[in-house]
Asker: 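Please see the structure below; I have some questions.
Residue numbering restarts at 1 for every chain, and letters A, B, ... go by the order of the sequence lines.
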Amino acid sequence: MTPLLQVRGIEKRYGARIGCADVEFDLYPGEVMGIVGESGSGKSTLLNCLAGHLKPDAGQVIFDTRADGPVDTVTMSEPARRMLGRTDWAFVHQHARDGLRMNVSAGGNIGERLMAVGARHYGDIRARAVDWLDRVEIAENRVDDRPSAFSGGMQQRLQIARNLVTEPRLVFMDEPTGGLDVSVQARLLDLLRGLVRQMGLSALIVTHDLAVVRLLADRLMVMKDGHVVESGLTDQVLDDPQHAYTQLLVSSVLQV
Amino acid sequence: MTQDYNFAYLDEQTKRMIRRAILKGLAVPGYQVPFASREMPMPYGWGTGGVQVSAATLTPEDTFKVIDQGSDDTTNAVSIRKFFEKTAGVAVTEETEKASVIQTRHRIPEAALREDQILVYQVPIPEPLRFLEPRETETRKMHSLQEYGLMHVKLYEDISQHGAIATAYAYPVRVSDRYVMDPSPIPKFDNPKLEMAAIQLFGAGREQRIYAVPPYTKVVSLDFEDYPFEPTKADHACDLCGAEDSYLDEVILDDAGNRMFVCSDTDYCRSRREAGHVGRLGEEAA
């Protein structure tokens, strides 16, 4: 099987400082990979490099495109990369307001990606928006409300709906549950797990919350100071950490 | 006649610079060409962009006409007309037929324009994506990559809130299957007229942009398959000349609810009345 995403020697520097370096992994279709590490460990930098928001200084990000097979997205043309960003890729921001248009209704937010790829039938766009609101457990009668009238958890679910409406194959998530209270987090995680399994999505989830990766991720990478220090199956890494930093990370979680 | 001003107020180098921008705009229909807009002796919002384009376009042989919302006799139209009478000494007219350069604010004349005429628009905000995407760097990128899905988001919002596309003026169009353009705040009634025989030039002074639509260029108003574009006007006939095909202004007559509808294009209305047409409240022409 061809990996959906092959990452080879990704490196990003900020002047003399290292953002991330020598990151290599494969992500297969339907697989969810977690990236954990403390603040400043380079996990968000890595995610932004992979999603094309930052240009890495070295390395390749090879994505298995529908039309042309595996292509290096770092060197592909910008229009093609932005097209990927609207179709096969999705990016869920930590803060929903970064990923939503706050002055456009929920329906318009969901419909934007459809219209960006050429949908021009209002009835169809609206029907799909309503369908997706339902799938992320937002009441249908909120379709014309602006996201600013939504709670934090609803905004985050709306952002997920907006991203998944074009049925992408790869989802990048940057701390999707950050800033939400625990019961809302649990509901969001449940929803995400359902959607990922049901749609057969591949996902890369950056988080500092080990509970999130325990629930969602098949595999796990632990980052420290821009380098990957340990990787493996999620349960294996969390239950039997080898690297000193991973051991510290696992033992830092409060047991209630 | 001795001239106190260089012909048409601007110096020759500036007019040359503006002509370059105009030519580039004509070569790439709908593309917003940046230009070094000059300070003009009138406030921004009064048509400084249009005035500069007119100044660069006028020749001593031209006949100049200015309309403001279709009307020849409002403050804006009168002062710009006087400005060029004084600084260029060109002939002026109120008749659309006789004009070779027409500067307009927010209307296209009712009479069909000819190939030997130029229509100059005053544009307040040239960027159609501005209210959806405030970053200029991003809107330029969207234009260059033809990422125009956002424009439809605006129309979607209209339908979801009002049940129809409520945008009534500055209705976005796609020029020559390439650039999405703001046709300046003309009523959408005028949008079908954008495909015309005359050259159309758009000048935005404060925003420092010039763009153009060459003659007979394809101009399509954006819409949805199930909510097609519809030019709209008040559902009345002109009360002075009886015209049913012209764009109308509503005039409130008293505080008892009486009102009248009159052609916004004053020259069109006058010529029809002279030809003997009489509306509901009109009087026979003497």
Side-chain angles (χ1 to χ4, degrees), chain A residues 52-53 55 76-87 89-90 97-130 132-133 138 140-149 158 161-163 165-166, chain B residues 28 31 125 127-167 170-175 177-180 188 191 218-230 232:
Chain A
H53 298 172
K55 188 171 170 50
M76 83 182 347
S77 72
E78 191 179 8
R81 192 164 53 236
R82 282 172 72 114
M83 192 64 187
L84 265 187
R86 294 200 297 271
T87 54
W89 289 3
R97 7 190 97 238
D98 295 340
L100 291 173
R101 291 192 189 277
M102 299 304 282
N103 52 359
V104 167
S105 71
N109 264 294
I110 297 176
E112 182 179 344
R113 274 172 77 107
L114 293 172
M115 292 181 248
V117 294
R120 292 292 179 264
H121 191 285
Y122 176 83
D124 292 351
I125 294 167
R126 192 165 174 90
R128 287 185 69 179
V130 168
W132 267 98
L133 280 182
I138 297 176
E140 188 183 328
N141 59 14
R142 304 300 300 270
V143 67
D144 291 330
D145 291 351
R146 292 184 173 186
S148 45
L158 178 61
R162 168 187 158 88
N163 273 288
V165 66
T166 49
Chain B
V28 193
Y31 172 70
I125 294 166
E127 179 51 71
L129 302 161
R130 174 64 69 241
F131 292 111
L132 299 155
E133 176 55 69
R135 289 167 295 177
E136 176 74 16
T137 48
E138 190 63 19
T139 54
R140 280 207 209 184
K141 190 161 273 174
M142 290 159 82
H143 279 295
S144 62
L145 301 178
Q146 300 189 54
E147 289 180 1
Y148 291 132
L150 202 51
M151 212 65 251
H152 275 87
V153 174
K154 181 176 186 296
L155 302 180
Y156 171 94
E157 289 288 289
D158 265 6
I159 300 173
S160 71
Q161 283 171 29
H162 307 289
I165 298 179
T167 304
Y171 193 102
V173 294
R174 190 151 196 187
V175 181
D177 294 323
R178 179 60 181 85
Y179 285 95
V180 165
K188 66 176 167 183
N191 270 23
K218 182 177 170 192
V219 180
V220 179
S221 304
L222 301 181
D223 60 3
F224 285 104
E225 288 160 14
D226 45 348
Y227 285 85
F229 169 78
E230 280 175 35
T232 53

Asker: Parallel under 30°, tilted from 30 to 60°, perpendicular over 60°: which one fits the rings of B:Tyr227 and A:Tyr122?
Answerer: perpendicular
Asker: If you take all heavy atoms of B:Ser160 and A:Asp144, which pair is closest and at what distance?
Answerer: CB-OD1, 3.3 Å
Asker: Counting heavy-atom pairs closer than 4.5 Å to chain B, which one of A:Arg126, A:Arg82, A:Glu78 comes out on top?
Answerer: A:Arg82
Asker: Under a 4.5 Å heavy-atom cutoff, which of B:Leu145, B:Asp226, B:Val153 has the most pairs with chain A?
Answerer: B:Asp226
Asker: So what's closer than 4.5 Å to chain A heavy atoms on B:Leu150: side chain, backbone, both or neither?
Answerer: side chain
Asker: For A:Arg101, which atoms come within 4.5 Å of any heavy atom of chain B: side chain, backbone, both, or neither?
Answerer: side chain
Asker: Name the member of A:Ser105, A:Gly111, A:Pro79 that forms the most heavy-atom pairs with chain B at distances under 4.5 Å.
Answerer: A:Ser105
Asker: If you take all heavy atoms of A:His121 and B:Phe224, which pair is closest and at what distance?
Answerer: N-CD2, 4.0 Å
Asker: On a heavy-atom basis, which atom in B:Phe131 and which in A:Asn103 lie closest, and how many Å separate them?
Answerer: O-ND2, 4.3 Å
Asker: More than 12 foreign heavy atoms under 6.0 Å from CZ of A:Arg97: is that the case here?
Answerer: no
Asker: Tell me which of these, B:Lys154, B:His152, B:Gln161, B:Met151, has more heavy-atom pairs under 4.5 Å with chain A than the rest.
Answerer: B:His152
Asker: Counting heavy atoms not belonging to A:Glu140, are there more than 12 under 6.0 Å from its CD?
Answerer: no
